[in-house]
2 protein chains.
Amino acid sequence: MLESANILRKYGIPVTAQRLALLRAVGARPHATADVLAEAVRAEIGAVSKQAVYNALGTLVEKGLIRRIQPAGSPALYEGRVGDNHHHLICRSCGMTVDVACVVGERPCLNAADHSGFRIDEAEVIFWGTCPSCLEKTEKTGADQAEAGKPQDFLTRPTTP
Amino acid sequence: MLESANILRKYGIPVTAQRLALLRAVGARPHATADVLAEAVRAEIGAVSKQAVYNALGTLVEKGLIRRIQPAGSPALYEGRVGDNHHHLICRSCGMTVDVACVVGERPCLNAADHSGFRIDEAEVIFWGTCPSCLEKTEKTGADQAEAGKPQDFLTRPTTP
DNA sequence: AACAAAAAGTAGACAGAGTCCATTTTTTGA
DNA sequence: TCAAAAAATGGACTCTGTCTACTTTTTGTT
């Protein structure tokens, strides 16, 4: 509580009830959407506007206090874990997202063979697959993968079979 | 023309003027959005509905004839280059997207240290940075990167400084 | 403690990308 | 050629997120 306030102050971010609640919400729910976080904040302090949530998340991301990940076909997700350069593993069928340790370790953790003159500052890696519980469902029903592993709308993505 | 029709037939996809035009449009404009492709198709055959474009793109992606990439904060992009497992390099400031050869070569081209029981089928890699022409602009104005490199709305993403 | 200036928050309209649905048109294959 | 199956149409609708004008809260300075 005081903790969070001090963190905000250290970064020169004005301390408001909304931001404090949001910071806690992000800490408590890794990989939550803005909407879910807004609900969490409401549960704690009564009300917040959508805009306050988006503004605050934007500021916190900008200052490096939280991290935003935007998987294809899904709304943005936020997480408190920053600075350790981990990546994500996402289930195509239920959307479950888990952290995975960085493959290499340093940031940017990969080198493009040909960088075309770009100055690269980040290598974003997302592993796509099927989570254990969706795998189990597939096997149980005996349905083939195309059936049971059919991605939900929000996760429809290219499959390169 | 006949070429494309045969490809569609080979994959069991009914041949329609819309799909043929779309296939050509994707081939001619790598990294185009659905909207841009729809315009291209209209230029060629007069008219298409938004839905026909989305349906056709979806089908083609599903069959592996084209590839969909969905960079954070941007609408989906489509490309005809499939099967060579290359990745993408995107400019944070102007959105320019170029292909880069795969870092490793095989697909999935990376291994997650801990896969948490997932069955991984793809490792998606996006390199983020600044393209040569935006770099030049930055240097010319003498503005610092935070200024000149300010991402456009459609490309606002986490920065991990 | 009080007070202006600056920064945040509020509510609601608005925008872009994509989906849904009922109906019409085209393609296929017998 | 003709019916069944698949696509296309177009318009309403949804979901994330942004813009704007206005009000409220923080801050930091007397």
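Throughout, a chain's letter reflects where its sequence line sits, starting with A, and its residues are numbered from 1.
Considering only residues two or more places apart in sequence or on other chains, Glu44(A) meets the side chain to side chain donor-acceptor pair (under 3.5 Å) condition with Arg24(A). Val15(B) meets the side chain to side chain contact (heavy atoms under 4.5 Å, CB included) test with Ala5(B), Leu8(B), Arg9(B), Leu20(B); sequence neighbours excluded. The side chain to side chain contact (heavy atoms under 4.5 Å, CB included) search around Thr33(B) returns Asp35(B), Val36(B), Pro75(B), Leu77(B), not counting sequence neighbours. Residues satisfying the side chain to side chain contact (heavy atoms under 4.5 Å, CB included) criterion with Tyr11(B), sequence neighbours excluded, are Ile7(B), Ile13(B), Lys63(B), Leu65(B). For Arg42(A), the side chain to side chain contact (heavy atoms under 4.5 Å, CB included) partners two or more places apart in sequence, or in a different chain, are Ala38(A), Glu39(A), Val48(A).
Atom CG of Asp35(A) and atom C1' of dT18(D) are 15 Å apart (whole Å). Here the P atom of nucleotide dA17(C) and the CD1 atom of Ile69(B) are 15 Å apart, to the nearest Å. One interatomic measurement links the two molecules: CG of Leu22(B) to C1' of dA8(D), which rounds to 13 Å at whole-angstrom precision. For Leu8(A) and dA7(C), the CG to P distance is 16 Å, given to the nearest whole Å. Regarding Arg68(B), its CZ atom lies at a distance of 15 Å from the P atom of dA17(C), rounded to whole Å. Here dG17(D) presents its C1' atom at 11 Å from CD of Gln70(A), a figure rounded to the nearest Å. One can place CZ of Arg19(A) at 15 Å from C1' of dT10(C), the figure rounded to the nearest angstrom.
In the helix from dA1(C)-dT30(D) to dA30(C)-dT1(D), the end axes, each obtained as the rotation axis mapping the C1' atoms of four pairs onto the next four within a five-pair block, lie 30° apart to the nearest 10 degrees.
Of the candidate nucleotides dG9(C), dG18(C), dG17(D), dG18(C) has the atom nearest to the side chain of Ala34(B). Here dT10(C) is the nucleotide among dT9(D), dT10(C), dT16(D) with the atom lying nearest to any side-chain atom of Val48(A).
Of the possible donor and acceptor atoms, none in the side chain of Arg119(B) sits under 3.5 Å from a partner among the backbone N and O of Leu135(A).
From Phe118(A), atom CZ reaches atom CE of Met96(B) across 4.0 Å, with rounding to the nearest 0.5 Å.
For residues 56-83 of chain B, no pair satisfies ring-ring contact (aromatic ring centres under 6.0 Å, His included), with sequence neighbours left out. Pairs of residues two or more places apart, or lying in two chains, that qualify as ring-ring contact (aromatic ring centres under 6.0 Å, His included) and include a residue from residues 15-47 of chain B are His31(B)-His88(B).
Side-chain atoms of Lys50(A) come within donor-acceptor range of the base of dG17(D), with a qualifying N/O pair under 3.5 Å.
Side-chain nitrogen and oxygen atoms of Gln18(A) include at least one within less than 4.0 Å of the OP1 or OP2 phosphate oxygen of dT10(C).
Within residues 52-59 of chain A, the residues having any heavy atom under 4.0 Å from DNA chain D are, by residue number, Tyr54(A).
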Please write out the pairs of protein N or O atoms and N or O atoms of nucleotides 20-28 of chain D separated by less than 3.5 Å, giving the distance to one decimal.
| residue | atom | partner | partner atom | Å |
| --- | --- | --- | --- | --- |
| dT27(D) | OP1 | Val15(A) | N | 3.0 |

Check against side chain to side chain donor-acceptor pair (under 3.5 Å), Glu79(A) and His86(A): CA-CA 11 Å; Glu79(A) 67 183 359; His86(A) 66 277; 3.0 Å; yes
Could you list the donor-acceptor pairs under 3.5 angstrom formed by side chains in residues 53-60 of chain A, with sequence neighbours left out?
| residue | atom | partner | partner atom | Å |
| --- | --- | --- | --- | --- |
| Thr59(A) | OG1 | Asn55(A) | O | 2.9 |

